[in-house]
Amino acid sequence: MVGDRPLLDARGLTKAFGGARALNEVDLTVLPGEVHGLLGENGSGKSTLIKILAGYHTPDAGELFVNGREVPLPLGPGEPQRLGMEFVHQDLGLVASLTVAENFYMADIAKPSRRFFVSWSRRAAQAREVFARYGVTIDPDATIDGIRPVERALVAIVRALEGLRRGSGDEPTLLVLDEPTVFLPENEVALLFDLVRQIAARGSSVLFVSHDLAEVRQITDRVTVLRDGRVAGTVVTEQTSPRALVNLILGQELQEMATVEQQQLDDQSVVLQVHDLSTRWLHDVSFDLRAGEVLGLTGLVGSGYEDSVYAIFGAIPAENGTLVVDGERRDVAAMTPKTAMAHGIALVPGDRQNTGSIPTLPASDNINLLVLDRYFRGGRLRQNDLDHNAQELMAEFDVRPARPDLDYGSFSGGNQQKAMMAKWKQIEPRVLLLHEPTQGVDVGARQQIWTMIRAATATTSTICASSDYEQLATICDRVGVIARGRLVGFLTGADVTKERIAEYCLRSSADASVTALDGSGG
Amino acid sequence: MDDGGSRMTSDQKVTPSTGEDPPPAERRRRSVLSGKSLEALALPIAWVVVIVIFSILRPGTFLSSANFASILASQAVLVVVSLALVIVLTAGDYDLSVASVVGLSANLIAILNVNYGLPVLVAILVALLAGLVVGVLNGLFVVLVQIDSLIVTLGMSTFVSGIVLWITGSNTLSGISNDLVRPVIVWRFAGVPFEFYYALVIALVVWYVFRYTPLGRRLLVVGRSREVARLSGVRVGAVRWGALAVSSVIAAFGGVLYAGTSGAAGPTSGLELLLPAFAAAFLGATTVNPGRFNPWGTVIAVYFLVTGITGLQLLGAQSYVQNIFYGAALVLAVSFSQIVRRRRAVRAG
């Protein structure tokens with residue numbers, strides 16, 4: 001079904017911002033019915049390219065052909081849609097408090113119409129039909145914040161498709177998915193991929209923008225890799241090894257990080273005991289954390305696995321449970337971040353933009369937030385010392401650029417995450433709690449963060465709540481699987497592999513009452 | 001606060017000739033550099049321009065030192081109230097009750113001193129304590145009951161002005177002891193009454209706390225994101241509560257100056273200060289350290305506004321010009337600071 005005449009053919013796209021070239025003679029060809037990947041690290045030019053296609057940016061040079069016809073650049077407002085292009089961005093553009101049907105027909109409501117009355121029951125029925133056509137079952141009357149993240153993504157995508165279908169009839173169209181999976185748990189991505197495959201099977205093309213290698217390999221027919229604003233290569237996915245792709249992305253051999261030799265930890269002292277932890281989602285979770293251990297906690301979405309780290313830190317309310325830390329017994333329900341920190345516990349939350357840091361304040365203020373009192377000497381805060389401290393930490397954790405005066409929000413995802421690690425390192429935690437430490441982080445920074453976590457085991461024990469199985473397999477000594485709020489067992493030793501974790505998660509959620517594999521509850 | 005300035009000089013030292021492309025964040029930073037320093041200076045420049053214009057139009061009266069001394073002193077209460085507001089705004093809350101606390105404080109002093117013959121010092125202490133009580137009550141509802149500060153302080157403002165009407169019997173009381181009037185308005189340094197310097201001292205203290213203490217940084221962080229602050233071990237409730245309480249006490253101090261300035265207090269004393277204080281706080285956030293509420297910016301904003309009004313009145317404008325000026329200034333200042341903030345947010349991407 002992959003035809004010869006390209007649906008989209010961009011040639012020599014070039015765009016400079018203030019003298020630096022964000023895009024340098026980039027060619028991109030998308031064939032009809034093709035799922036085309038656009039890969040690259042943060043800052044490689046992916047967003048600039050997409051924004052030119054969406055009409056946000058005016059390129060300095062370059063030509064664009066759609067269905068063989070040349071289209072003058074820049075594209076005006078609404079023109080990409082008239083040409084049969086639609087975009088779904090990370091944030092999806094849905095209104096959380098409205099229903100699925102209301103979101104679905106938002107464009108119709110926004111249009112001036114002679115019809116005063118809108119029959120929502122009919123609209124809901126229509127939405128249900130449309131969803132069914134794409135093999136998606138979502139209740140049109142549910143509100144957006146009441147459905148799962150992946151379902152939100154599906155609503156946004158189907159909405160974009162329907163908009164295109166009504167606009168251009170049966171002309172081939174191009175759906176651009178801009179990092180659609182970043183906020184999705186890994187185990188839900190499959191649903192999204194089913195939809196993408198269907199779209200391609202109907203003859204439309206999908207441009208799949210991502211920095212996730214595994215996903216791109218799974219879903220795309222061909223991949224264009226950008227590096228430093230240039231095309232590093234366009235390859236057929238099937239014929240390209242992961243290693244070759246990584247080399248295209250990074251432009252150098254990536255040092256392979258061997259999966260850690262699982263440590264023998266039974267003789268290590270217990271740093272933290274968790275007894276019968278219950279939250280809104282968790283029930284009676286108990287485990288021990290040993291000195292130097294990296295313990296993964298995972299499960300399917302909705303299993304509540306991520307609650308564990310937040311509850312231990314006192315960030316969310318616990319209903320029940322006790323902690324033993326430093327030989328002291330503590331009621332989890334009475335934990336606050338302040339008491340947790342006093343016990344040497346640190347939490348790097350998964351949502352670094354909203355709960356981890358303040359994007360509108362300089363990196364220095366964000367990194368130094370925990371240690372302000374150390375720099376209050378002689379009646380005043382030593383700002384130079386604070387900046388110096390931040391700069392040293394940024395250099396140590398390879399946060400680029402190492403400029404403490406820049407607003408935190410201006411750094412890329414990977415650098416933001418590294419800065420958060422640097423911030424919490426300063427209290428020298430004995431227990432480091434992490435939630436999705438490499439979400440939305442480019443492949444190079446991902447490796448660095450993993451190396452940091454492993455390097456810290458000399459002094460720190462870590463609990464990493466994540467649904468990124470590859471990550472867990474890479475950094476964890478032991479992985480606990482939570483299904484429907486209950487800790488159903490641990491994978492240890494040679495079982496700590498991506499495949500085994502995935503299998504265990506799926507199997508145990510299918511039957512949450514299944515007895516734990518090794519019976520260990522901590 | 002001058003950290004905007006020091007950051008800027010460190011920017012200028014950056015030498016981009018390393019041969020490799022700077023990362024995007026840096027590129028953006030450099031391209032807005034000149035814009036940012038201009039932003040910080042816009043209001044002081046506008047102030048100077050206004051002074052020059054009026055000096056040319058009314059050379060005899062406007063430029064006289066007596067006129068300047070009167071401008072500086074007459075707005076001391078407004079400076080104090082604006083500074084009280086800046087503290088709460090920095091912590092991310094509103095305090096609409098500051099102006100009514102000025103009235104409460106001034107009237108308590110008048111009643112205790114004139115009707116009951118209590119010494120001025122005792123009356124002042126009672127007035128400050130009353131301010132503290134109002135602030136603590138605000139904090140109780142905002143922090144413990146978790147009601148939006150806008151609502152709580154709106155209600156508190158009307159509640160307090162009701163109390164004032166009650167205790168004054170709707171009468172203006174004059175004849176406050178010279179023990180208060182003298183150190184506020186009679187004693188002068190460099191031709192300017194002492195009350196101006198009291199306001200400056202408050203500005204100095206707020207500036208010191210904001211810039212040089214961990215507490216000031218925590219206040220800022222709480223104002224930007226309560227969740228980030230909480231997860232970093234900051235006691236968010238205590239900080240917000242403290243900000244509301246301190247702001248009320250400072251407003252009560254404004255009431256002390258108010259009573260000392262006129263030697264009298266009446267049922268509606270101080271209420272006219274609410275809108276100018278908001279205008280000054282938001283206008284102040286566009287200068288010195290753009291994008292942040294800051295004490296010196298607020299002081300400059302107060303005097304910029306009052307210079308404009310005084311000048312227009314010298315040109316013959318009626319007193320309504322005051323309302324027009326303050327009302328427009330508030331909306332424009334908030335619009336402007338929103339634009340500044342949005343630009344920063346875009347830059348932060």
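Here is how names work: the chains are called A, B, and so on, in the same order as the sequence lines, proteins then strands, and each is numbered from 1. Nothing here was measured: the structure is a model prediction, and the numbers come from that model.
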Next on the checklist: The criterion is side-chain hydrogen bond (donor to acceptor under 3.5 Å, both in side chains); which residues satisfy it with Asn389(A), sequence neighbours excluded?
Outcome noted: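 side-chain hydrogen bond (donor to acceptor under 3.5 Å, both in side chains) check on Asn389(A) returns Asn368(A), Tyr375(A), Gln426(A).
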Checklist entry - Can you list the residues that meet the side-chain hydrogen bond (donor to acceptor under 3.5 Å, both in side chains) rule with Asn138(B), with sequence neighbours excluded? => result Ser97(B)
Might you confirm whether atom [atom1] of [X] has over 12 heavy atoms from other residues, nucleotides or ligands at distances under 6.0 Å?
X         : atom1 : answer
Arg374(A) : CZ    : yes
Tyr310(A) : OH    : yes
Arg382(A) : CZ    : yes
Phe141(B) : CZ    : no

Item to check | Under 4.5 Å from a heavy atom of chain B, the part of Ser357(A) involved | outcome: backbone
Item to check | Under 4.5 Å from any heavy atom of chain B - which part of Asn366(A) | outcome: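 When you check distances to chain B, no heavy atom of Asn366(A) falls under 4.5 Å.
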Going from [atom1] on [X] to [atom2] on [Y], what distance comes out if it is rounded to the nearest 0.5 angstrom?
X         : Y         : atom1 : atom2 : value
Leu381(A) : Leu215(B) : CG    : CG    : 10.0 Å
Arg218(B) : Leu372(A) : CZ    : CG    : 5.5 Å
Asp351(A) : Glu227(B) : CG    : CD    : 9.5 Å
Thr360(A) : Arg292(B) : OG1   : CZ    : 8.5 Å
Ile358(A) : Ser232(B) : CD1   : OG    : 7.5 Å

Item to check | Interface moiety of Arg226(B) toward chain A, non-hydrogen atoms closer than 4.5 Å | outcome: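 Nothing of Arg226(B), per the 4.5 Å heavy-atom cut-off to chain A.
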Item to check | Listed partners of Trp424(A) passing ring pair (Phe, Tyr, Trp, His ring centres under 6.0 Å), at least two apart | outcome: Phe313(A)
Checklist entry - Where do Tyr208(B) and Phe376(A) come nearest, in terms of heavy atoms and distance? => result OH-CZ, 3.9 Å
Item to check | Heavy-atom closest contact (Val228(B) atom, Asn354(A) atom, distance) | outcome: CG2-O, 3.4 Å
Item to check | Close side-chain approach of Val221(B) to Asp365(A), heavy-atom, < 4.5 Å | outcome: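 A side-chain contact under 4.5 Å is absent here.
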Item to check | Contact listing (chain B partner; residues 334-341 of chain A; heavy atom under 4.5 Å) | outcome: Pro337(A), Lys338(A), Met341(A)
